[in-house]
Structure formats: C-alpha cells, structure tokens
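What follows is a short report on a single structure.
Here, residue 1 is the first one in the sequence, and each next residue gets the next number. If you're wondering where the values come from, they're calculated on a predicted model, not measured in any experiment. Indexing begins at 1, ligand by ligand and atom by atom, following the structure's order. As a basis for the values below, the full set of heavy atoms in this structure was taken, side chains included, without hydrogen atoms, waters or symmetry mates.
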Amino acid sequence: MTAEPQVPPFYTKLQGSLPPDFTWGYATAAAQIEGAWDEDGRGPSIWDTFTRLPGKIKDGSTPSDACNAYHLWKEDVARMKEYGARAYRFSLSWSRIIPLGGEADPINEAGVEFYSTLIDELIRNGITPWVTLYHWDLPQALYERYGGMLNKQRYTADFLRYARLCFERFGDRVKYWITYNKPGLTTRAKYAQGRNAPGHVSDTEPWIVGHTELVSHGYVCEMYKRDFQPTQTGCIMITLDGNWYEPWDEKDPRDIEAAERAKEFEIGWFADPVHGKGDYPASMRAQLGNRLPRFTEEEQRVVRGSSDGYGMNSYTAFYARHLDGVSDRSDYRGNVEFLNENSKGNPRGPETDTHWLRMAPWGWAKLLRWIWARYGVPICITENGTTVKGEHEGPAPAAPGEIVEDPFRAELFRAYLAEVAKACQEGVVIKSYFAWSFVDNWEWALGYTSRFGVTWVDYASPQKTRYAKRSAYALREYFEFLIAQ
Ligand code: BGC
C-alpha cells in the first residue's frame, strides 16, 4: 500500500498549529462493528431485538455479523497502526460483559477477556485506548425488567455496577473514559421518533430518559473520581452531539432566536447541566414546562462539573427557520424548522450518501467557538466524518490491497481540520480529533447503506474483508503537518 496525497499549499500558515500532544485517531462502536452477537456468552442488546421487527431498518439488515471485528481485532489494530493513529475510541458492549446487565447478574469472563486483550494489543502498538461505556446498546434484559432508562433508580444502580467493573478490570490501562455517546440524538430517536431501539414515540419519555442519562453519568463520574482516579490517574467525560444552526434569514430576529434555540435544545439540554449553570436552558423550560424534569440539589451537585472535558461529536450544519404559533407537544427541536438552503437560496453544503449530512466546514468553525465561549471547557472532538455520495453503490475494490479513492472524504477532513487548526491558533483549547470511522459499519436504522469508514468493508465476503481508502493516508499526512514536532 502506498500513501501519496499531497498537502495542499494553503495549509502553510497552519503548519504546527496543533500541540505536540494532540490526540488523533479513529472511533467506532461495539454494536456497529463487532458482530458475534451471540458468541462466547454475550447477551442480546435492545438493537438485537429491535432489528428483528419488520420495517425498522432501511435495508432490513441486523448487526449480527456487522464488520466481524470481534474476530478481526488484531488485524484491525495493525491497520490502525499503519494509518498512523495515536488513539482508538471504541465502545464496550455491556451485554458482552454482563449478559443480563443488572447489578446482581453474573459477569461473562469471556467478554471481559476480549476487551482486555484488545486494550493490551492497542497499547503494545502505541495506540491509546479511549473507551465509551455506553454507545446505545442497552442489555435487552434491563429493558424487559424495568423499562431501562425510564426507571432512573434501578437503571442508575445497574449502570454504576457495570462502570465499576470496567474501571476495576480495565482502568489500570485505560486513562480516557466516556460514559455516554451522544445521548441527545439517541434519546430523541429512541423515545420521540421511534427510529432507534427500543422505538418509542412519546412526548414525555425523551426528557425523562435524558434526565436519567445525566444523573447516572454524574454518579459514575463521582464514583470514578473518588475510588479510581487517585490511583489510576485517568479522566472521564460525556460525549455530546451537536450540529451548527444558522438563521435562515440572518436579518429576521425570530430566525436568529430560532437558531439559538435549536442549539439549546440539541446541545444545551445536556451541556448546560454538565458544563454550564447546572440546569436545563430556559428556552427548554419555557416550551416543555413540567415535562422537563427538575434536578434535586444532590443531582445538580453530582452532574455539574462532572465531565473532565467537552466530548464533541459533530458533522454538519443546517439553516434554522422559526415556526409560527405554539409548538405541538411532540416537538423536541424547539419549534424550529431545519432547512438545506437559506433565504437567499444558498445551500448548506454538498450532499453525501446520508440524508442529514452535508459537508459544511463553515458551520463547524462557528460551532467550535460557540461551545468554547459558552462553556470554556477543553474540547475533545470524539467524532467527525462523512459518507460520500454514490460510494455505497460502488464499485467495490477488485483486487486485494487495492486502495479505494475517496477524494470527497479527504477533502472533508482537510476542510474541517483547517477550522480546528485556526480555532487552536486563536486560543480555543482542543485536545483531540477522532474520525468516524475506522471501517465502514452498520449505521443503525440506515443499516449498511451509509459507509462512513476510511476502510472499505466488503460486506458480501464471509470474513468482511477490508480495503484501505485513500482518505486514511490523507488524514495521516494532515496530522503530520498540523501537529507541532
Ligand atoms: C454516532 C455513530 C454514528 C455516526 C454517524 C455518531 O455521532 O455516535 O454511532 O454512526 O454518528 O451517524
């Protein structure tokens, strides 16, 4: 395999703009890559059951085999090393470690062993593990027992026990922990839109579940800091989603307000309690009233300031237009309409293979500054990336070792990283960048139709054979150039 992308000349003034200890690498999630859904004692997650319901997944697929990473982990680590990654962010499958999930349920030592070996292999190869405890795959048994996150008390006790076990078994080697991945998006998709497992449609549950996520995150951080951090010297955070919302008509105060409200409903919902004033944004309280839970004093104390960094997943930007009138009860976006073009007809960016995603580095630049100004906490970019228009249709690579050309993805990395570098030069503190994703993988309700990887996966082959894409080498070049020696 050869690497030959050229660093475009306009980068010259950005050379060395990232600090020498800047972390970069790739991110994945257990349910999206592991497969082996019922091997070696793993219990089912809510996704294993949800995907068996007709019509839920775009291509009718399940994540039962996914990318076969459960078996290909060693090759994957070698490939990541070849790509130059300094770190790898992956998630643990809770039901692989505790098949039934609960605080009194038995541990599956084979599951613990799988992750322990992976962690050792990463470290042996100079790749720092970043571990997400929960990336959307609740053990099915907990959903059946008490409705999962709808039951704050019981769920929190179970999550605490699972987290403690992970700190005990892996914390000697794992120094970067993430409690939840992107709780905002998944909570809306799971409990308001019915698009993600367990597929509820409700106008109260999203806010109840969001509260459970915040509170249980807080208690896990408290436990980590008290019982583990002093000896293990790691850090812990939550990773939040958030795109940029620009007023549809930049001169209309109602659209200016709507764009701010959209960010508060998406980002402030979790970030204000954790990194801000310790409560939900006033705009949410005004619209949702008592449907939005209230923090007890103790909850507020535990949640506020709990996260050692601002974990940030972000991909795109939208134009936001205010909606007239009172929002209906099922509205979870802040009574705002999201559009692809602004009032002058300017598009938000070029299309990809994924309906919601357009390349929009202009919005990303604004978002980095908005987060820094509002919260002032060091930013850890834990996900960013893209699919490529038409890539899913192929052509698939023909020969072993063939490199897949994906100039659009390489260009997206270049454009977004330029904004990271500029923001760093201005004094915004950014610690990491993880590209989503290391391999093409199973994209939840979109099944296998959205390829986000820098590695092509031949889903039809029994082994899920991998082929490098050119963007993997481009990314390595970009970081060699941007990180100060
Ligand atoms: C989620 C991933 C998902 C990606 C693209 C992310 O923020 O964490 O699970 O595949 O977005 O939709």
Side-chain angles (χ1 to χ4, degrees), residues 25-35 45-47 50-51 57-59 61-63 66-67 69 88-94 130-138 178-190 193 195-197 213 217 237-244 266-267 269-271 310-318 351-360 363-364 367 371 379-389 391-392 409 412-413 416 432-455 457 459 471:
Y26 293 98
T28 63
Q32 295 180 269
I33 66 160
E34 282 181 6
S45 85
I46 49 174
W47 280 96
F50 183 70
T51 51
I57 308 299
K58 188 172 175 186
D59 56 3
S61 64
T62 72
C67 306
Y88 177 41
R89 174 180 170 237
F90 61 98
S91 79
L92 308 175
S93 155
W94 183 345
W130 283 49
V131 175
T132 310
L133 291 170
Y134 185 90
H135 199 126
W136 308 0
D137 46 355
L138 181 79
I178 293 168
T179 51
Y180 288 105
N181 175 72
K182 226 171 159 175
L185 175 127
T186 185
T187 302
R188 286 190 302 274
K190 288 172 172 196
Q193 299 164 296
R195 208 161 37 81
N196 280 5
E213 287 167 317
H217 152 83
M237 68 188 94
I238 187 168
T239 270
L240 305 178
D241 45 310
N243 295 307
W244 179 253
E266 186 166 280
I267 300 171
W269 177 14
F270 288 87
Y310 185 102
M312 169 184 173
N313 287 3
S314 180
Y315 289 81
T316 195
F318 292 88
E351 288 179 26
T352 66
D353 253 0
T354 310
H355 61 94
W356 53 267
L357 178 52
R358 301 260 183 120
M359 189 202 291
W364 164 264
L367 182 62
I371 289 173
I379 298 172
C380 298
I381 298 166
T382 40
E383 275 182 37
N384 173 240
T386 192
T387 55
V388 177
K389 187 98 188 132
E391 191 183 43
H392 176 61
R409 182 174 287 104
L412 179 131
F413 287 148
Y416 280 57
S432 69
Y433 178 96
F434 288 86
W436 183 271
S437 180
F438 169 56
V439 282
D440 292 336
N441 55 53
W442 188 76
E443 176 63 11
W444 311 107
L446 296 178
Y448 293 104
T449 65
S450 269
R451 291 180 179 269
F452 272 92
V454 297
T455 309
V457 175
Y459 294 122
S471 59

I'd like to check whether W436 has a polar contact with ligand 1, where a contact means an N/O of the residue lying under 3.5 Å from an N/O of the ligand.
yes
Is the closest N or O pair between N181 and ligand 1 shorter than 3.5 Å?
yes
Just by distance, no angles: are the side chains of S450 and T354 close enough, under 3.5 Å, to form a donor-acceptor pair?
yes
Side chains of E213 and T187: is there a donor and an acceptor less than 3.5 Å apart?
yes
What's the shortest distance from atom 1 (C) of ligand 1 to any protein heavy atom, and which residue and atom give it?
E383 OE1, 3.3 Å
Atom 4 (C) of ligand 1: nearest protein contact (heavy atom, Å)
Y315 OH, 3.5 Å
Taking it one step at a time, do Y416 and I381 satisfy side chain to side chain contact (heavy atoms under 4.5 Å, CB included)?
CA-CA 11 Å; Y416 280 57; I381 298 166; over 6 Å; no
Is E443 paired with K58 through a side-chain N to carboxylate O contact shorter than 4.0 Å?
no
Counting heavy atoms only, name the option from E443, K182, R89 that's nearest to atom 11 (O) of ligand 1.
K182
Note: V131 and L92 closest approach over all heavy atoms is CG1-CG, 3.5 Å
Within the distance-only criterion (no hydrogens, no angle test), does the side chain of K182 pair as donor or acceptor with the backbone N or O of W136 below 3.5 angstrom?
no
Element-labelled atoms of ligand 1 that are located less than 4.0 Å from some non-hydrogen atom of W356:
12 (O)
Residue-level breakdown please: for W442 versus ligand 1, do any non-hydrogen atoms fall below 4.0 Å on the side chain, on the backbone, on both, or on neither?
neither
